[in-house]
Amino acid sequence: MTAYLLRRLWQMIPTLLGVVLLVFFLFRWFGGDPAEILGGQNASAEQIQAIREQLGLNRPVWEQLLIFLKQIATFNWGHSWATNESVATLFATRMPATLTVMLPILCLEVLLAIPFALAVAAVRGSLTDRAVMVLSTVAVSISLLVYVIVGQYFFAFRLGLFPVQGWSNSTWTNLTTYAPLPVMVAVAVALAPYTRLYRSFFLDEIGHDYVRTARAKGLPERRILLRHVLRNAMIPILTNISVALPGVFVGSFLLEVFFSIPGLGRELLLAVNRSDYPVIQAFAIYLAMLTMVINLLTDLLYKWVDPRVVLK
């Protein structure tokens, strides 16, 4: 296991380097001139040149790349070009709001979708199964914006259970007052596609010979589903979760905008509108690192779920 971890960590280095080079040169070639963007339409040539010197954009490309690599190694991304706030401070102060929304979403999506899909798969072909599949198909076809509007109108405006928008400095207040509605909306959006997908995983396992053998031995259906079908289906489920995790960040960003949550998502959109490259670059690199770590943890979970898996 130790050798496998060291080998995977070593393999991450060229992957991360490729992402770094891609991000660096994409912003240099297609991002436009940040000095002109920050200076505005009325800025003179002297003012634009002064901005370039202040941001270090007049230095050779190789020197800018070395500075970028140093920032990644030290996690010191400098300051935001738009607000002059430290990028590290910006991430540290906005991350709690994002995690307050994202972690409950992750937990509820998994805890609700897996047992629900298993229950539906257990009654395959029944009226309940068909009704759930029809409702899931309809739910998948509805836009996230519709869920947000309906949720805000029904639960916030009509029933007054939650505020439409807002955030506070208290974690408990956020968890109990401001976060429930966006979390409910996100879970409602994800539950239908996950139910359909996990149901297919469970049905694939139910059709195997070992299930028929277990039934022939007289094992209770509940034990077969929980002890055998669920465990064997966890491999593709873990794969799906690992692939979807980075997307949860993006989805939570949209929720932050709709519900005025001061998290990383709203800050990223502001950075894009302002062409605030240090913030955008830092987020791109962090997301790449997170994706690689998630993939590594998923491979380790494969071994924990199924001891037959060999890590090479």
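Only this structure's heavy atoms are used, side chains among them; waters, hydrogens and symmetry mates stay out.
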Measuring from atom [atom1] of [X] to atom [atom2] of [Y], what distance do you get when rounded to the nearest 0.5 angstrom?
X    : Y    : atom1 : atom2 : answer
I114 : E109 : CD1   : CD    : 11.0 Å
Q152 : Q165 : CD    : CD    : 6.0 Å
L65  : F25  : CG    : CZ    : 5.5 Å
T298 : I241 : OG1   : CD1   : 8.5 Å
E221 : I206 : CD    : CD1   : 7.0 Å
L238 : L297 : CG    : CG    : 11.0 Å

Tell me whether [Y] is reachable from [X] by hopping between hydrophobic residues (I, L, V, M, F, W, Y) whose side-chain heavy atoms are closer than 4.5 Å.
X    : Y    : value
L159 : V148 : yes
V132 : L112 : no
L17  : Y286 : yes
V243 : V189 : no
I67  : V23  : no

Check step by step if side-chain contact (heavy atoms from CB on, under 4.5 Å) holds for L181 and F258. CA-CA 11 Å; L181 184 55; F258 293 139; over 6 Å; no

Are the side chains of [X] and [Y] in touch, meaning some heavy atoms are under 4.5 Å apart?
X    : Y    : result
V87  : Q71  : no
V279 : L270 : no
V185 : L144 : yes
Y147 : L255 : no
L191 : T195 : yes
T100 : Y178 : no
I261 : P182 : yes
V150 : I142 : no

Would you find more than 12 non-hydrogen atoms of other residues, nucleotides or ligands less than 6.0 Å from F91 atom CZ?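 Enclosed: over 12 neighbouring heavy atoms sit under 6.0 Å from CZ of F91.
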
Are more than 12 heavy atoms, taken from residues, nucleotides or ligands other than F157, located less than 6.0 Å from that residue's CZ atom?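 Open.
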
Distance-minimising heavy-atom pair for [X] and [Y]:
X    : Y    : result
T177 : P163 : O-CD, 3.4 Å
L203 : A121 : CD2-O, 3.7 Å
A156 : V164 : CB-CG2, 3.5 Å
I224 : L219 : CD1-O, 3.6 Å
I285 : F68  : CG1-CZ, 4.1 Å
F162 : T176 : CE2-O, 4.4 Å

Mind running side-chain contact (heavy atoms from CB on, under 4.5 Å) on V211 and E205 for me, showing each step along the way? CA-CA 8 Å; V211 174; E205 293 297 327; 5.6 Å; no

Using only atom types and a distance under 3.5 Å, with no angle test, would you say the side chain of N295 pairs donor to acceptor with the backbone of T291?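 Yes, N295 side chain to T291 backbone: donor-acceptor pair under 3.5 Å.
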
Answer yes or no: is there a donor N or O on one side and an acceptor on the other, between the side chain of N232 and the main chain of H228, under 3.5 Å?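 It does hold such a pair.
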
Thinking salt bridges, do R94 and E256 make one under a 4.0 Å N-O criterion?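 Salt bridge flag = no for E256 with R94.
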
Assess the residue pair M133 and V120 against the criterion (side-chain contact (heavy atoms from CB on, under 4.5 Å)); give the C-alpha distance rounded to whole Å, side-chain angles, the decisive distance to 0.1 Å, and a yes or no. CA-CA 9 Å; M133 289 301 98; V120 174; 4.3 Å; yes

Going by distance alone, is a donor N or O of one side chain under 3.5 Å from an acceptor N or O of the other, for R196 and T137?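 A donor-acceptor contact under 3.5 Å links the two side chains.
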
Applying side-chain contact (heavy atoms from CB on, under 4.5 Å), name anything that partners I13, two or more places apart in sequence or on another chain.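 Counting only residues at least two positions away or on another chain, I13 forms a side-chain contact (heavy atoms from CB on, under 4.5 Å) with W10.
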
Contact list for residues 120-149, test salt bridge (Lys or Arg N to Asp or Glu O under 4.0 Å), sequence neighbours left out: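 Salt bridge (Lys or Arg N to Asp or Glu O under 4.0 Å) check on residues 120-149 returns D129-R199.
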
Please work out whether the ring planes of Y198 and Y194 are parallel, tilted or perpendicular, with thresholds of 30° and 60°.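 If you compare the ring of Y198 with that of Y194, the planes turn out parallel.
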
